[in-house]
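First listed ligand is number 1; within each ligand, the first listed atom is number 1. All residue numbers refer to positions in the sequence shown, counting from 1.
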Amino acid sequence: MSKIYVSTTVNGRPEDVLCEAHQTLLDLLRDEIGLTGTKEGCGTGDCGACTVLLDDRLVCSCLVLAPEADGKEITTVEGIADSQDGLHVVQQKLLEHAALQCGVCTPGFVVAAKALLDRDPNPDEKTIRYWLAGNLCRCTGYDKIIRAVQDAAQELTPTK
Ligand code: FES
Ligand code: FES
């Protein structure tokens, strides 16, 4: 089968990849580019573990065909940290609140929560729960995750 050339930018780096027409963006990231931070939970668009930003829109990368990423900018969990060694405040707060167990869902929550705080640095609890409704976690019970995002928001906007 002939391969398709995909030219994209991932976490600010140009990536030119040959892929099969049936491969997903999740396959492209993990198998062709080697960024395995993005996880596959369900593979059917139900869990949010594979969440990435595609031209600044949150998408389930298991539902996007790799050729659709041509010419687009992608941000994965590997591109979220503020510096090479540091963590984004959302990641730091998830750690501090012990808001993860197996961690399969965590990259998706990190990407989604960061996207929320970029748009709304001062979200109320209802907004956080609504925004993260597409991200499922079978381990934590959610409360610690919500507290972590609230704490991250507090750190970003300490005067609220
Ligand atoms: S792996 Fe993509 S939504 Fe579950
Ligand atoms: S920490 Fe295991 S699924 Fe969320």
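Near Cys137, with a cut-off below 4.0 Å to any heavy atom, the atoms of ligand 2 are 1 (S), 3 (S), 4 (Fe). For ligand 2 and Gly103, the ligand atoms under 4.0 Å from any heavy atom of the residue are 1 (S), 2 (Fe). Near Gly43, meaning under 4.0 Å from any of its heavy atoms, are these atoms of ligand 1: 1 (S), 4 (Fe). Atoms of ligand 1 found under 4.0 Å from any heavy atom of Gly45 (numbered from 1 in listed order, with element): 3 (S). Using a 4.0 Å cut-off to heavy atoms of Cys50, the atoms of ligand 1 that qualify are 1 (S), 2 (Fe), 3 (S). Atoms of ligand 1 lying under 4.0 Å from at least one heavy atom of Asp46, given by number and element, are 3 (S). Short contacts between ligand 1 and Cys47, defined as distances under 4.0 Å to a heavy atom of the residue, involve ligand atoms 1 (S), 3 (S), 4 (Fe). Residue Cys42 approaches ligand 1 through these ligand atoms, each under 4.0 Å from one of its heavy atoms: 1 (S), 3 (S), 4 (Fe).
Summary of contacts: the protein heavy atom closest to atom 1 (S) of ligand 2 is Gln101 N, 3.2 Å. Residue, atom and distance of the protein heavy atom nearest to atom 3 (S) of ligand 2 are Arg138 N, 3.4 Å.
Summarising the geometry of Arg30 relative to Thr38, their closest heavy-atom pair is NH1-O, 2.8 Å, with the distance given to 0.1 Å. The two atoms that bring Ser61 and Thr24 nearest to each other are O-CB, 3.7 Å, heavy atoms only.
Taking hydrophobic clusters as Ile, Leu, Val, Met, Phe, Trp and Tyr residues chained together by side-chain heavy-atom distances below 4.5 Å, Leu132 shares a cluster with Ile80. Follow the hydrophobic side-chain contacts under 4.5 Å out from Leu35 and you never reach Val111; the two are in separate clusters. Both Val110 and Tyr142 are assigned to one and the same hydrophobic cluster, defined by single-linkage of ILVMFWY side chains at heavy-atom distances under 4.5 Å.
Within a 6.0 Å radius of CZ in Arg138, other residues, nucleotides and ligands contribute 12 heavy atoms or fewer. A 6.0 Å sphere centred on CZ of Arg119 holds more than 12 heavy atoms belonging to other residues, nucleotides or ligands. Enclosure of atom CD in Glu73 is not indicated, since only 12 or fewer non-hydrogen atoms of other residues, nucleotides or ligands lie within 6.0 angstrom.
Inclusion of Cys139 in the first shell of atom 4 (Fe) of ligand 2 is not supported: no N, O or S atom falls under 2.8 Å. Among the backbone and side-chain atoms of Cys62, an N/O/S atom is found under 2.8 Å from atom 2 (Fe) of ligand 1. Metal site remark for atom 4 (Fe) of ligand 2: Cys105 contributes an N, O or S atom at a distance under 2.8 Å.
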Step-by-step side chain to side chain contact (heavy atoms under 4.5 Å, CB included) determination, Leu25 to Leu65: CA-CA 5 Å; Leu25 175 56; Leu65 286 171; over 6 Å; no
